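Notes follow once the structure below has been shown.
Predicted, not measured: the structure shown is a model, and the values here were computed from it.
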Amino acid sequence: HPLSVLILSGSGAGKSALQSVTLGFCPPEDVVRLTSLTGRALFYQAPTSLRHRVLALAEAAGGEEAVYAIRSLISEGELVVSTTVRDRGSGRPTTVENRVEGPTAVFCTTTDPRLDPETRSRFFVIGVDESAEQTARILAWQRRRESAPDALRAEEVAAVRRLHWNFQRLLRPLRVVNPYAPRLTYGSGRLQSRREQPRYLALIDAVAFLRQMGRAVRTAGVDGAEVDYIEVELDDIDVANRLLAAALGHSPDELSLPAESLLALLHELVRARLAEVGLPAADPRTVTFTRREVREFSGWGHSRL
């Protein structure tokens, strides 16, 4: 049950760079990168071309026609299409079936916070830090990287990537069993939890899977065959919880990270207005403001706001 990730942020925030750098840690043979995707293209891929691979789209808009296929690939773990063709010998119509095997992880980016809920619910939706402080750090890094020779920088990056590629190539296809799963809890007040909890459990499994070399490999009989597996430990759950809190814990509702940032700025604007008139304890709902005033206070551009 691989994890799929959607990076949502404003234009120019660095979402494509984040996706590119992240997938750069994966062995090249495990990543299928596409700029655009037509509606039925995935259905006619080679049967094993997407099996245990990452399908990376530069922009969600580039795969709009293929949204149904992407959703099915994530949920069902495979794609099956039946097509009518004419038999060369008899000339009669006949049916041909093509099956594209998964499982497949999907990575994509978007600037549109109004993404189709059916599609959005199948992804971990993460954002990019768009604060002025992060922008200052990025600008400082861009200046700093110019002070080192390009050849040295490229070799350092390549060495780090090779280390990650070789480590991943050594991982065995072991099953993961979570003996603590029955004792875990997840909020049941929202219907979306039915899809969110399996992603949370899969994240725990992924952490344990990456740590397999430090685990005892156990064997169990399943349907007359022996299956090798490892067990989740409490520290794996702790790591998964910290990852969720850092990347996804910004909002218990359906607001995107940019929307959360804007809401926080609006709260700051309202508090500043109340302080100006000497009524810091007044009802914030009595404060009104225009879009222009929000732009001037936040420094955001018109289209981003």
Got a donor-acceptor contact below 3.5 angstrom from the [X] side chain to the [Y] backbone?
X	Y	answer
T109	A58	yes
R40	A69	no
Q19	C108	yes
T104	L50	yes
N178	D205	no
S193	S188	no
E76	G102	no
Q212	F209	yes

If Ile, Leu, Val, Met, Phe, Trp and Tyr residues are connected whenever their side-chain heavy atoms lie under 4.5 Å apart, and connections chain through other members, are [X] and [Y] in the same group?
X	Y	answer
V207	L184	yes
I126	V54	yes
L170	L163	no
F124	V21	no
V67	V32	no

Legend entry - Residues E196 and R190 bridged, charged N to O under 4.0 Å: yes
Legend entry - Short N-O contact, R53 and E101, less than 4.0 angstrom: no
Please list, one pair per line, the donor and acceptor atoms closer than 3.5 Å that link side chains of residues 132-139 to other protein atoms, with sequence neighbours excluded.
{"from": "E133", "atom 1": "OE1", "to": "S131", "atom 2": "OG", "distance (Å)": "3.4"}
{"from": "Q134", "atom 1": "OE1", "to": "R137", "atom 2": "NE", "distance (Å)": "2.9"}
{"from": "Q134", "atom 1": "OE1", "to": "R137", "atom 2": "NH2", "distance (Å)": "2.9"}
{"from": "T135", "atom 1": "OG1", "to": "S131", "atom 2": "O", "distance (Å)": "3.1"}

Is there side-chain contact between [X] and [Y], with at least one heavy-atom pair below 4.5 Å?
X	Y	result
T119	I70	no
L269	R273	yes
F167	F25	no
I74	F123	yes
V294	L265	no
V217	I230	yes
Y200	N241	yes
F107	V31	no

Legend entry - F297: partners by ring pair (Phe, Tyr, Trp, His ring centres under 6.0 Å), with sequence neighbours left out: none
In Å, rounded to the nearest 0.5 Å, how long is the span from [atom1] of [X] to [atom2] of [Y]?
X	Y	atom1	atom2	answer
H267	L262	NE2	CG	10.0 Å
R88	S90	CZ	OG	12.5 Å
I7	T111	CD1	OG1	13.0 Å
E231	L174	CD	CG	12.5 Å
L191	S121	CG	OG	10.0 Å
L171	M213	CG	CE	5.0 Å

Please report the closest heavy-atom contact between [X] and [Y], naming both atoms and the distance.
X	Y	value
L73	L79	N-CD2, 3.8 Å
L3	R199	CD2-O, 3.8 Å
A220	Y229	CB-CE2, 3.7 Å
W165	G24	NE1-O, 2.9 Å
L18	T22	O-OG1, 2.7 Å

Legend entry - Greater than 12 external heavy atoms within 6.0 Å of H52's NE2: yes
Inset, instruction - State whether the number of non-hydrogen atoms from other residues, nucleotides or ligands found under 6.0 Å of E97 atom CD is greater than 12. - result: yes
Legend entry - Sequence neighbours excluded - salt bridge (Lys or Arg N to Asp or Glu O under 4.0 Å) pairs with any residue from residues 163-183: E29-R169, R172-D228
Inset, instruction - Would you sort out whether Y180 and I204 count as a side-chain contact (heavy atoms from CB on, under 4.5 Å), showing the intermediate values? - result: CA-CA 11 Å; Y180 301 99; I204 296 173; over 6 Å; no
Legend entry - Between S75 and R122, a side-chain donor and acceptor under 3.5 Å: yes
